[in-house]
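Computed from heavy atoms alone, side chains included, the values below leave out hydrogens, waters and symmetry copies.
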Amino acid sequence: MSSRPVFLSAADVQDHLRSSSLLIAPLETALANFSSGPDGGVVQPVRTVVPVAKHSGFLGVMPAYSAAEDALTTKLVTFYEGHSNTSAVPSHQATVLLFQPNNGSLLAVMDGNVITAKRTAAVSAIATKFLKPPNSEVLCILGAGVQAYSHYEIFTEQFFFKEVRIWNRTKENAEKFVNSVPGEVRVCSSVQEAVTGADVIITVTMATEPILFGEWVKPGAHINAIGASRPDWRELDDELMKQAVLYVDSQEAALKESGDVLLSGAEIFAELGEVVKGVKPAHCEKTTVFKSLGKSHCSQGTNLTRHKVGLPIGGKRNESAGSVTEPLCSLSLR
């Protein structure tokens, strides 16, 4: 085995993660482990964020260790405000580093954009499985960027909706989305039009002020709030945050990073991992919000790398390096 780190491009990662649905089972385990405290064997501090004020950007550093997989990894992510969808450089870029946990050697450097998109969407799907109202028929997506595509992919794999709607601040990008995905999607001219009567709402925007208001939301609807990952950014208004039962991936992170939580003063009911474990109820009969900040742990990168270079996985050597034959875990990759 070479001592040089392996490099996995976006194409390599995409080849190994063809379906986001493969992530659901290992992510449920990861969420439960994270919400189990020390017994879960996960160590992941809240991400460190370095402002790049001169260029309206941020650098996030997200290290984690999972004892269950003996996986040590760090995600580096940059995100910049004001990027248009037509820019040659995306607003969010990510790289994942995987280390040998027993000596700290760097094993791999991999593109983190595909992992981020698929992992985030898979966790939203898990939240929706537990929290959506029975007989949900209408799905609404606010935003038309990368996360909109990844959420649409897994939500149409995992659930059946009679109607799918999309809204985006720039209508042309919503129309591009509709023309790019399979299935019928209706472009809406306003957020209110898009969300009225919707059973499941996904917010994947770069908004810094509320765009979704409680008075527009159907009682009993479920909202996956993905954007607004800074303490002074918002997607949801106070009324919605306070009237909904609030679930988060990490209570510690939400109380430090989420403007929707901090500025509304909303009370967190439970972590999603607690629902997965069965220690907290899923109030699918009420309006619910799942605030996602990217705190699912395990190691997506470990199995990706081991398959790539033919290292043993779970005590067995991969005889056909480069191919994936089992579901992959995930790590803090939002």
Side-chain angles (χ1 to χ4, degrees), residues 8-36 40-42 44 62 64 66 68-71 73-75 77 92 94-96 98 108 110-132 139 141 146-159 181 200 202 204 224 226 247-250 271-273 275-277 290-308 313-314 318 322-334:
L8 281 79
S9 67
D12 291 327
V13 177
Q14 179 65 52
D15 185 57
H16 288 354
L17 290 175
R18 292 187 182 275
S19 173
S20 301
S21 294
L22 290 173
L23 296 173
I24 288 180
L27 274 168
E28 288 187 354
T29 300
L31 287 161
N33 286 344
F34 176 72
S35 294
S36 297
V42 173
Q44 184 184 12
M62 304 164 67
S66 172
E69 290 77 25
D70 198 23
T73 183
T74 295
K75 176 185 172 182
V77 59
H92 290 65
T95 301
V96 178
L98 180 69
M110 68 188 76
D111 173 87
N113 296 323
V114 173
I115 296 175
T116 297
K118 290 182 178 290
R119 187 225 67 91
T120 304
V123 172
S124 295
I126 293 168
T128 301
K129 180 179 77 170
F130 285 100
L131 301 173
K132 71 179 179 67
L139 171 67
I141 302 174
V146 170
Q147 287 289 349
Y149 286 88
S150 62
H151 277 75
Y152 180 82
E153 176 190 6
I154 193 168
F155 273 62
T156 53
E157 287 179 1
Q158 293 292 314
F159 312 107
V181 301
V200 177
I202 303 168
V204 282
N224 295 297
I226 312 303
Y247 298 82
V248 298
D249 44 13
S250 165
E271 291 184 342
L272 181 56
V275 177
V276 173
K277 290 174 59 183
F290 170 61
K291 178 58 197 172
S292 174
L293 287 161
K295 309 298 279 190
S296 289
H297 311 67
C298 191
S299 94
Q300 210 162 36
T302 302
N303 281 356
L304 282 172
T305 304
R306 288 173 176 171
H307 276 291
K308 182 74 175 177
I313 300 176
N318 174 23
S323 65
V324 168
T325 57
E326 60 188 54
L328 302 171
C329 292
S330 110
L331 162 83
S332 126
L333 302 178
R334 155 84 163 54

Where is the tightest heavy-atom contact between Ala125 and Ile24, given as atom of each residue plus distance?
CB-CD1, 4.4 Å
Is there a side-chain contact between Lys75 and Ile115, using heavy atoms and a 4.5 Å cut-off?
no
Pairwise salt bridge (Lys or Arg N to Asp or Glu O under 4.0 Å) hits with a residue in residues 147-159, at least two apart
Lys118-Glu153
Taking Ser292's backbone N and O only, do any of them form a donor-acceptor pair with Asp249's side chain (distance below 3.5 Å, no angle check)?
no
Closest contact, heavy atoms only, Asn224 versus Ala127
OD1-CB, 3.8 Å
Could you walk me through whether Thr120 and His151 pass the side-chain contact (heavy atoms from CB on, under 4.5 Å) test, one step at a time?
CA-CA 8 Å; Thr120 304; His151 277 75; 4.1 Å; yes
Do you know which two heavy atoms are closest between Val96 and Gly112, and how far apart they sit?
CG2-CA, 3.9 Å
Which residues pass the salt bridge (Lys or Arg N to Asp or Glu O under 4.0 Å) test with Lys277, sequence neighbours left out?
none
Rounded to the nearest 0.5 Å, the CZ atom of Phe34 sits from the CG atom of Leu27 at a distance of 13.5 Å
Sequence neighbours excluded, the answer for ring-ring contact (aromatic ring centres under 6.0 Å, His included) partners of Phe290 is none
Gap between atom OG1 of Thr128 and atom CD1 of Ile202 - 0.5 Å precision
6.0 Å
Non-hydrogen atoms of Gln147 and Thr116 that approach each other most closely
NE2-O, 3.6 Å
Please examine the side chains of Val146 and Asn113, heavy atoms only from C-beta on, and report whether any two atoms are closer than 4.5 Å.
no
With a 4.5 Å heavy-atom cut-off, do Lys129 and Glu28 have their side chains touching?
yes
Please check this pair: side chain of Asp12 against backbone of Ser9, looking for a donor-acceptor N/O pair closer than 3.5 Å.
yes
Which is it for Leu293 and Val248 under the side-chain contact (heavy atoms from CB on, under 4.5 Å) test, yes or no, and what are the steps along the way?
CA-CA 8 Å; Leu293 287 161; Val248 298; over 6 Å; no
Considering non-hydrogen atoms only, spot the tightest contact between Ile154 and Ala122 and give its length.
CD1-CA, 3.6 Å
